[in-house]
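Only this structure's heavy atoms are used, side chains among them; waters, hydrogens and symmetry mates stay out. A, B, ... follow the sequence lines: proteins, then strands. Residue 1 opens every chain.
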There are 2 protein chains.
Amino acid sequence: MRIGELARRAGVSTRALRYYEQQGLLPARRSTNGYREYEESDLKLVTEIRSLLTVGFTLEDARPFVECLRSGHGSGGACPESVEVYRRKITEIDDQIRTLLERRAEVAAQLAEACPGCALRTGGTR
Amino acid sequence: MRIGELARRAGVSTRALRYYEQQGLLPARRSTNGYREYEESDLKLVTEIRSLLTVGFTLEDARPFVECLRSGHGSGGACPESVEVYRRKITEIDDQIRTLLERRAEVAAQLAEACPGCALRTGGTR
DNA sequence: CTAATCGTTGACGTCAACGTCAAGGTCAAG
DNA sequence: CTTGACCTTGACGTTGACGTCAACGATTAG
């Protein structure tokens, strides 16, 4: 299939697909007129990339998953490199959550100080 | 005082101070040679900006606080516009936390599926 | 006089994942 | 032949808060 069809079926822009190719995540063979030609299996690659991006992965994070799929695995997360990325991302997310919790407490405290009686719902004022 | 001293005392770069001025947050009068001249009170403004930035505020978010301070209030968060920003930022932070929690659950689930037995510490596997 | 230190105004670079033209080639239908 | 739909490769724009030159003027110490 060509880039337009893959884009439609994957729910992404053609620009995104070209960008993935540029980043080495989605190589495509070319037909004689220079058009990119994709396999059915490429749809799965794009789907994998998309689902990883939506949970906060970068394209670089997604690379091991794509390579894992292309190496024949049914799941992109089955390879040890992917598992390592999973672990790292989880600790990153945990760090971010911790930071946000600290910030929330700090901001809520400043609010309480600047405007006593301005209690928020979530703050635990009961 | 001039920009270098203010920068040192506030713990920021001179570039940052010029940027704040450009954004209209930190106007400075000029001495005859064109150098920026700051008051003691400007140190407090910069300190306020910095503390807000470190908890995730943008410079735009910080604007009401700066104006509040310059209008004579001892605290930048005392004015109603600042309180409104406080509230909004707290809900933003809460949204971000929720998103991250969802992502963490999703990633942990994918990890568990791809690699059974790869339990994480925080996941609640007990 | 000269070097050192401070200041000034541009203006481009950073980081990610594309969006959005621009200028043009390809191909099937009418 | 001419739309029109599709494709190609650049290449700049986006977002925020500056970092990092470049090229220059001001001030002071020696």
Side-chain angles (χ1 to χ4, degrees), chain A residues 1-39 42 45-66 85 88-89 92-93 96 99 103, chain B residues 1-39 42 45-66 85 88-89 92-93 96 99 103:
Chain A
M1 83 191 85
R2 291 179 304 187
I3 197 170
E5 184 182 349
L6 179 57
R8 270 193 307 278
R9 291 174 62 184
V12 307
S13 66
T14 58
R15 178 67 174 92
L17 296 181
R18 294 195 191 95
Y19 181 66
Y20 300 157
E21 179 181 38
Q22 194 182 347
Q23 302 304 307
L25 290 175
L26 189 63
R29 68 180 183 81
R30 301 301 182 104
S31 46
T32 54
N33 57 14
Y35 289 7
R36 291 171 178 82
E37 274 297 328
Y38 298 95
E39 313 295 324
D42 289 325
L45 291 189
V46 178
T47 303
E48 178 86 2
I49 292 174
R50 282 276 116 181
S51 80
L52 291 174
L53 287 183
T54 60
V55 294
F57 283 46
T58 68
L59 282 183
E60 216 42 55
D61 292 330
R63 194 178 299 274
F65 293 78
V66 173
V85 174
R88 178 169 54 76
K89 294 308 282 187
E92 283 180 21
I93 292 173
Q96 292 171 20
T99 297
R103 286 181 182 181
Chain B
M1 81 194 85
R2 290 178 305 185
I3 196 170
E5 184 182 349
L6 179 58
R8 268 193 310 278
R9 292 173 62 185
V12 307
S13 66
T14 59
R15 177 68 174 91
L17 297 181
R18 295 195 190 94
Y19 182 66
Y20 299 158
E21 179 181 37
Q22 194 182 347
Q23 302 303 307
L25 290 174
L26 189 63
R29 68 180 182 82
R30 301 303 182 102
S31 47
T32 55
N33 56 14
Y35 288 9
R36 290 172 179 80
E37 275 295 330
Y38 297 95
E39 313 295 326
D42 289 325
L45 291 189
V46 177
T47 303
E48 177 86 2
I49 291 174
R50 282 276 116 182
S51 81
L52 291 174
L53 286 182
T54 59
V55 295
F57 283 46
T58 67
L59 282 184
E60 215 43 53
D61 292 331
R63 192 178 299 274
F65 293 78
V66 173
V85 174
R88 178 169 54 77
K89 294 308 281 188
E92 283 181 19
I93 293 174
Q96 292 171 19
T99 298
R103 286 182 180 180

Let me know the distance between [atom1] of [X] and [atom2] of [N], rounded to the nearest Å.
| X | N | atom1 | atom2 | result |
| --- | --- | --- | --- | --- |
| Ile3(A) | dC6(D) | CD1 | P | 13 Å |
| Gln23(B) | dA17(D) | CD | P | 8 Å |
| Arg36(B) | dA26(D) | CZ | P | 16 Å |
| Leu26(B) | dA17(D) | CG | C1' | 15 Å |
| Gln22(B) | dT8(C) | CD | C1' | 14 Å |
| Arg18(A) | dC12(D) | CZ | C1' | 16 Å |
| Leu25(A) | dA16(C) | CG | P | 13 Å |
| Leu52(B) | dA17(D) | CG | P | 12 Å |

Ionic contact status for Arg18(B) with Glu21(B), cut-off 4.0 Å: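 No, no charged N to carboxylate O under 4.0 Å.
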
With the side chain counted from C-beta on, respond yes when [X] and [Y] share a heavy-atom pair under 4.5 Å apart, and no when they do not.
| X | Y | answer |
| --- | --- | --- |
| Glu39(B) | Asp42(B) | yes |
| Arg36(B) | Arg2(B) | no |
| Leu17(A) | Val12(A) | yes |
| Ile3(B) | Leu6(B) | no |
| Val85(B) | Phe57(B) | yes |

Sugar-phosphate or base contact per nucleotide [nucleotides 22-29 of chain C; S, B, -; heavy atom under 4.0 Å]: ---BBS--

Thr54(A) OG1 to Ile49(A) CD1 distance, which is reported to the nearest 0.5 Å: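 One gets 12.0 Å once the value is rounded to the nearest 0.5 Å.
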
Heavy-atom pair with the smallest gap, counting every atom of Val46(B) and Leu26(B): CG2-CD2, 3.8 Å

Side chain to side chain contact (heavy atoms under 4.5 Å, CB included) involving [X] - partner list, sequence neighbours excluded:
| X | result |
| --- | --- |
| Arg9(B) | Met1(B), Glu5(B), Glu40(B), Leu43(B) |
| Thr99(A) | Arg103(A) |
| Gln22(B) | Tyr19(B) |

Pairs under 3.5 angstrom, nitrogen or oxygen only, protein versus nucleotides 17-21 of chain C, please.
unit_1: dA17(C); atom_1: OP1; unit_2: Leu59(A); atom_2: N; d: 2.9
unit_1: dC18(C); atom_1: OP1; unit_2: Arg50(A); atom_2: NH2; d: 2.5
unit_1: dC18(C); atom_1: OP2; unit_2: Tyr20(A); atom_2: OH; d: 2.8
unit_1: dC18(C); atom_1: OP2; unit_2: Arg50(A); atom_2: NH2; d: 3.2
unit_1: dG19(C); atom_1: OP2; unit_2: Ser13(A); atom_2: OG; d: 2.5
unit_1: dG19(C); atom_1: N7; unit_2: Arg15(A); atom_2: NE; d: 3.4
unit_1: dG19(C); atom_1: O6; unit_2: Arg15(A); atom_2: NH2; d: 3.1
unit_1: dT20(C); atom_1: O4; unit_2: Arg15(A); atom_2: NE; d: 3.1

Rounded to 10 degrees, the angle between the two terminal axes of the helix from dC1(C)-dG30(D) to dG30(C)-dC1(D), each from five pairs: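 Axis angle across the helix from dC1(C)-dG30(D) to dG30(C)-dC1(D), nearest 10°: 40°.
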
